[in-house]
Amino acid sequence: MPATWSESVEKAPTGGGVGATSHASRSTYVPPHLRNRPPSASADPPPSATVSYAGTLAGNESQGQGGPAVGGFQSYGSRNDLSGGGLSRGGGGGGSGWNNRNGGWDRGREREANPFQNGVPEPEFAAQENLGINFDAYEDIPVETSGKDVPPPVNTFAEIDLGDALNMNIKRCKYVKPTPVQRHAIPISLAGRDLMACAQTGSGKTAAFCFPIISGILKSGQSAQRQPRMPRMAFPLALILSPTRELSIQIHEEARKFSYQTGVKVVVAYGGAPINQQLRELERGVDILVATPGRLVDLLERARVSLQNIRYLALDEADRMLDMGFEPQIRRIVQQMDMPPPGVRQTLLFSATFPKEIQRLAADFLSNYIFLAVGRVGSSTELILQRIEYVLETDKRSHLMDLLHAQRANGVQAKQALTLVFVETKKGADSLEHWLCINGFPATSIHGDRTQQEREYALRSFKSGKTPILVATDVAARGLDIPHVAHVINFDLPNDIDDYVHRIGRTGRAGKTGLATAFFNDSNASLAKSLADLMQESNQEVPAWLTRFAARSSFGGGRNRRGQGGGGRFGGRDFRKDSSYNRGGMDMYGGGNSGYNQSGGYGGGYGSAVTSAWD
DNA sequence: AAAAAAT
């Protein structure tokens with residue numbers, strides 16, 4: 001272990017690795033005369049209603065995206081090496097298929113921008129990209145599955161029949177080997193099973209739910225469907241909900257890479273940005289809609305999106321969404337609109353933790369689901385060196401300055417190792433940013449009072465190394481996969497240990513090491529116990545004073561949410577295992593076997609007796 | 001107490 005924090009910053013590899021997002025511009029320019037192109041009379045659909053693989057992809061970057069030329073997609077239709085039948089799904093209903101009248105199959109195929117090429121230039125990092133992914137660290141991550149008939153995990157992408165087009169994109173992403181969550185979740189999803197997964201971003205879960213969705217859409221042969229009666233309403237096949245705008249943007253960027261040249265259309269919708277452009281994108285056809293809840297509700301109310309064709313529903317960072325008070329919106333979207341019920345659609349629920357509220361959501365949204373828990377990437381593998389320092393409120397700025405100066409002296413700044421500084425308040429973020437700037441440290445900030453434009457600009461500026469210090473509120477705490485963050489500084493500690501875990505998870509990404517420094521003082525007493533426990537759990541050196549703090553505050557009722565759910569290295573455990581769950585007389589999982597025996601309409605309406613057993 | 005998210 002490195003002797004000093006500055007040494008470890010220096011040693012921390014700065015490659016972004018697996019999740020590195022090249023910043024794809026969301027606005028693919030489409031010349032006005034090609035926008036909202038009416039269905040061309042001569043654009044007859046292909047003769048066979050089969051798979052939409054975009055023909056041969058190898059060494060074929062330009063072919064097949066040469067614009068909307070009529071009849072330019074002969075490569076469609078013939079390849080059917082994936083579909084094992086099952087092209088139609090229940091409830092497709094009449095003319096909503098591939099051969100529908102309005103020629104929906106080639107909608108939105110105008111000039112697909114290459115999502116692999118239009119990123120922010122990152123010359124400093126390009127060379128080491130993906131070279132230092134510590135896959136051994138991934139191997140150590142504990143994984144736990146439970147449920148009925150769990151499909152076995154895979155060890156390579158080659159074992160999974162995702163199809164040529166998707167495989168090509170996996171190669172383009174330089175993914176060599178599936179991460180633990182991918183090894184388990186992909187076979188589960190491909191088998192059509194619902195999934196409740198406890199995993200954090202950084203574990204590779206975006207790909208874990210995107211691959212099966214894209215593959216499934218390709219297999220079904222349905223894409224970008226329209227309803228002739230309602231030309232302005234979009235009918236996505238998959239919906240991905242996430243808590244923050246930036247996370248939605250990021251998922252969209254990744255999903256676009258995965259679906260490049262497959263014909264599968266991914267659209268993102270979120271607030272704070274003009275809705276008109278999003279409406280135009282939707283009108284051009286959408287297979288996978290990535291959205292924040294508020295904007296989606298708006299779109300549903302405007303009748304610009306219908307969920308009746310949804311076959312895949314993925315909820316990312318579900319616990320976060322509930323924390324943010326999105327439950328009413330989410331329930332409205334999932335249960336009160338025209339979304340197909342559980343069992344008809346396939347639902348994938350991702351959450352870092354598995355508290356009661358999420359358990360309820362799982363029971364309501366999922367059908368006969370498989371529970372998957374993946375250990376914390378950072379804590380269980382000790383990839384993140386955590387340091388807690390006792391710093392009085394009044395000393396924080398000068399202490400931060402010391403850290404940054406030492407970092408700079410080590411040449412770290414020159415190498416553009418990015419530093420993410422978390423603060424408690426939006427005001428605090430603004431003033432700290434300003435203070436850093438006037439003291440010679442190029443910094444920017446991201447928080448909810450900044451306009452969406454400013455937020456996205458700040459993120460770009462940070463990622464590119466232009467301002468290698470980003471001051472952030474919790475808007476950036478979860479899910480954001482910012483590559484090359486070498487150092488996370490908790491200038492203000494959060495009140496919740498889960499937030500702490502999320503924050504430090506911004507470093508040590510993709511199996512690389514990182515450093516997390518936190519400023520602790522008396523105002524953080526309530527966090528002492530859980531913080532000390534977490535650090536011990538992840539084999540970090542716990543300062544003696546923190547241990548004393550923890551002992552002092554623990555009987556004072558410091559909220560230790562950890563361990564409550566069976567905790568340990570996992571964010572949660574399958575509550576269905578708890579004997580108390582079966583107390584209500586219905587032995588749903590019994591039978592004496594090791595596996596669950598989920599009979600009796602668990603996915604549909606569970607009895608009230610079961611509901612009461614949760615409380 | 002603060003943050004996030006639809007206008």
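Letters A, B, ... mirror the listed sequences (proteins, then strands); counts begin at 1.
Look at CG on A:Leu296: it is 21 Å from P on B:dA4, rounded to the nearest Å. The distance between atom CG of A:Leu241 and atom C1' of B:dA4, rounded to the nearest whole Å, is 15 Å. A straight line from CE of A:Met321 to P of B:dA3 spans 22 Å, rounded to a whole angstrom. The interatomic distance linking A:Arg320 (CZ) with B:dA4 (C1') rounds to 7 Å, in whole Å. Regarding A:Asp319, its CG atom lies at a distance of 20 Å from the P atom of B:dA3, rounded to whole Å. Spacing between atom CE of A:Met324 and atom P of B:dA1 amounts to 20 Å, rounded to whole angstrom units. A:Asp499 places its CG atom 10 Å from the C1' atom of B:dA3, with the value rounded to the nearest Å. For A:Glu424 and B:dA3, the CD to C1' distance is 8 Å, given to the nearest whole Å.
Applying the 4.0 Å criterion to OP1 and OP2 of B:dT7, one finds that A:Arg295 has a side-chain N or O inside that range. The shortest distance between the side-chain N/O atoms of A:Thr425 and the OP1/OP2 oxygens of B:dA1 is not below 4.0 Å. Within the structure, a side-chain polar atom (N or O) of A:Arg245 is placed less than 4.0 Å from OP1 or OP2 of B:dA5. Close to B:dA3, at under 4.0 Å from its OP1 or OP2, lies no side-chain N or O of A:Arg450. Within the 4.0 Å cut-off from OP1 or OP2 of B:dA2, not a single side-chain nitrogen or oxygen of A:Lys427 is found. Contact between the side-chain N/O atoms of A:Thr292 and the OP1/OP2 oxygens of B:dA6 is found at a separation under 4.0 Å.
The base of B:dA1 is paired with the side chain of A:Asn495 by a donor and an acceptor separated by under 3.5 Å.
Within the 4.0 angstrom heavy-atom criterion, only backbone atoms of the sugar-phosphate kind lie near A:Gly272; the bases stay farther away. In this structure, A:Arg302 reaches neither bases nor backbone, as no heavy-atom distance under 4.0 Å exists between it and the strands shown.
Here the two rings, on A:Phe371 and A:Phe354, have centers that are under 6.0 Å apart. For A:Phe350 and A:Phe209, the distance between ring centers is under 6.0 angstrom.
Out of B:dA4, B:dA6, B:dA1, the shortest distance to the side chain of A:Glu301 is found at B:dA6. The side chain of A:Val297 lies closest to B:dA6, out of B:dA5, B:dA6, B:dA4. In this structure, of B:dA6, B:dA5, B:dA4, it is B:dA6 that holds the atom nearest to the side chain of A:Asp298.
The one candidate from A:Asp499, A:Ile384, A:Ile489 that meets the side-chain contact (heavy atoms from CB on, under 4.5 Å) condition with A:Ile504 is A:Ile384.
Using modelled atom types, one side-chain atom of A:Gln346 and one backbone atom of A:Ser189 make a donor-acceptor pair closer than 3.5 Å.
Taking the six-membered ring for Trp and thresholds of 30 and 60 degrees, A:Trp545 and A:Phe520 have ring planes inclined between 30 and 60 degrees apart.
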